[in-house]
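Order of listing sets the numbers, starting from 1, for every ligand and every atom in it. Not measured: the values here are computed from a predicted model.
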Amino acid sequence: MSLIVQKYGGTSVGSIERIQTVAVKVKQSRDRGHRVVVVVSAMSGETDRLLDLARAIQPRPSPRELDVLLSTGEQVTIALLTMALEAAGCPARSYTGAQVQVRTDSAHNKARIRDIDGGRVMGDLESGRVVVVAGFQGIDEHGNITTLGRGGSDTSAVAMAAALKADECQIYTDVDGVYTTDPRIEPRARRLPRITFEEMLEMASLGSKILQIRAVEFAGKYRVPLRVLSSFKRGEGTLITFEEDDVEEAKIAGIAFAKDEAKLTILGVPDQPGVAHKILGPISDANIEVDMIIQNIAADAKTTDFTFTVHRNDYGKALEILKDTARALSAREVQGDEHIVKLSLVGVGMRSHAGIASRMFEALAREGINIRMISTSEIKISVVIDEKYLELGVRALHDAFGMAQNG
Ligand code: ASP
Ligand code: MG
């Protein structure tokens, strides 16, 4: 008999009807002989509604009191789902984070889970009950209610699965799995039956937002098999798991992209120690996150050019800062472009197979797409291209690596 943790997000429990549908699904899993722990989010829109209430009193409400308020959203759902389960003839019991001792640090609104005492939950499971636990919340060492940050119920579920040594953590959401790329851009995108944790982290951080990144990291660290699947459709979803040893083919998981990028270049800066720091120091002091960085080889042995990318929202500020730096360094010129995007090819197969980069560049060249920047890691190749080529680029790569659905 296996132990499964199932997590249902806000849309999956967005109405009484949907909560009843979830109850039926949970009951089915239990009837099949599984021991089931359910972790739930607040009903969709509820956390935002509570936030608005708080902000109507104070633009920056006290973080401690905000946690007391926000944690009520999940408390509503655990009670309603447990009632629905019992009404469907399935014995169940609900618990808040504090009741099952989801212990966190004291960083209100963005707390991190330290440990969970699974004893009480195990007791209920042994008595044949389904256990329904509030996601997103915990308790610190002083007994204060804490919350884990937006989307935190995913992490609650994974942490619960790790603490109970569950056989699988299933995340039920409104998509039926992880796709090779965004189906809105490439309609022939295919659901991946499996993907590795590493690949998932690249896909998620690059814009395929399905799961809270922290939950994926947590699952990788504690070796919790994680499955993403739809609350509304049948299917196996996508299993996020470990790399198989025998990667025979050049496996590419998918294509991720980041739309909101901008790039900045400072031309003719002195080619000497400390310059990269002088350029990027003020940028990071302004809390602007830098993604790709390229420094050219000095053409004349005296000066060089330096390019980096930032989020488009930070473009104006970064440009201003860079102009000041240019004056201080007597650089020749500053250039910027806020109409760029980043495409990334992701796959563990890159580790063992040469020629993937050249196949990628060839596919882009065939479409006449100019590559502005390139960066690589063990399992990823990213290129910066003009915004207008985003769709063409994604489709060209999807084709070139044979990712399309058959038929
Ligand atoms: N209810 C919280 C939120 O909306 C946590 C979650 O849904 O995962 O962010
Ligand atoms: Mg969510």
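- Of the residues listed (E261, E289, E387), the one engaging R312 in a salt bridge (Lys or Arg N to Asp or Glu O under 4.0 Å) is E387, and it is the only one.
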Q.
Applying side-chain hydrogen bond (donor to acceptor under 3.5 Å, both in side chains) to Q101 and R103, what does each step give before you reach the verdict?
A. CA-CA 5 Å; Q101 293 290 301; R103 288 184 284 252; 3.1 Å; yes
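- Ion pair R64/D67 not flagged as a salt bridge, since none of the NZ, NE, NH1 or NH2 atoms sits closer than 4.0 Å to an Asp/Glu carboxylate oxygen.
- Atom numbering of ligand 1 starts at 1 in the shown order; those under 4.0 Å from a heavy atom of R150 are 3 (C), 4 (O), 9 (O).
- Remark: distances from the non-hydrogen atoms of E46 to ligand 1 are all 4.0 Å or more.
- For the pair R359 and E362, the salt-bridge criterion is not met [side-chain N within less than 4.0 Å of a carboxylate O].
- Considering backbone and side-chain N/O atoms, G151 comes within less than 3.5 Å of an N/O atom of ligand 1.
- Using a 4.0 Å cut-off between charged nitrogen and carboxylate oxygen, D124 and R93 count as a salt-bridge pair.
- Shown in contact with S41 at under 4.0 Å from a heavy atom are these atoms of ligand 1, numbered in order with element: 6 (C), 7 (O), 8 (O).
- Atoms of ligand 1 found under 4.0 Å from any heavy atom of T47, numbered from 1 in the order shown, are 1 (N), 2 (C), 3 (C), 4 (O).
- Distances shorter than 4.0 angstrom occur between a heavy atom of G152 and an atom of ligand 1.
- Scanning all heavy atoms of the two residues, the minimum distance from I288 to K317 falls at CD1-CG, 3.7 Å.
- Annotation for ligand 1: atoms under 4.0 Å from non-hydrogen atoms of S153 are 5 (C), 6 (C), 7 (O), 8 (O).
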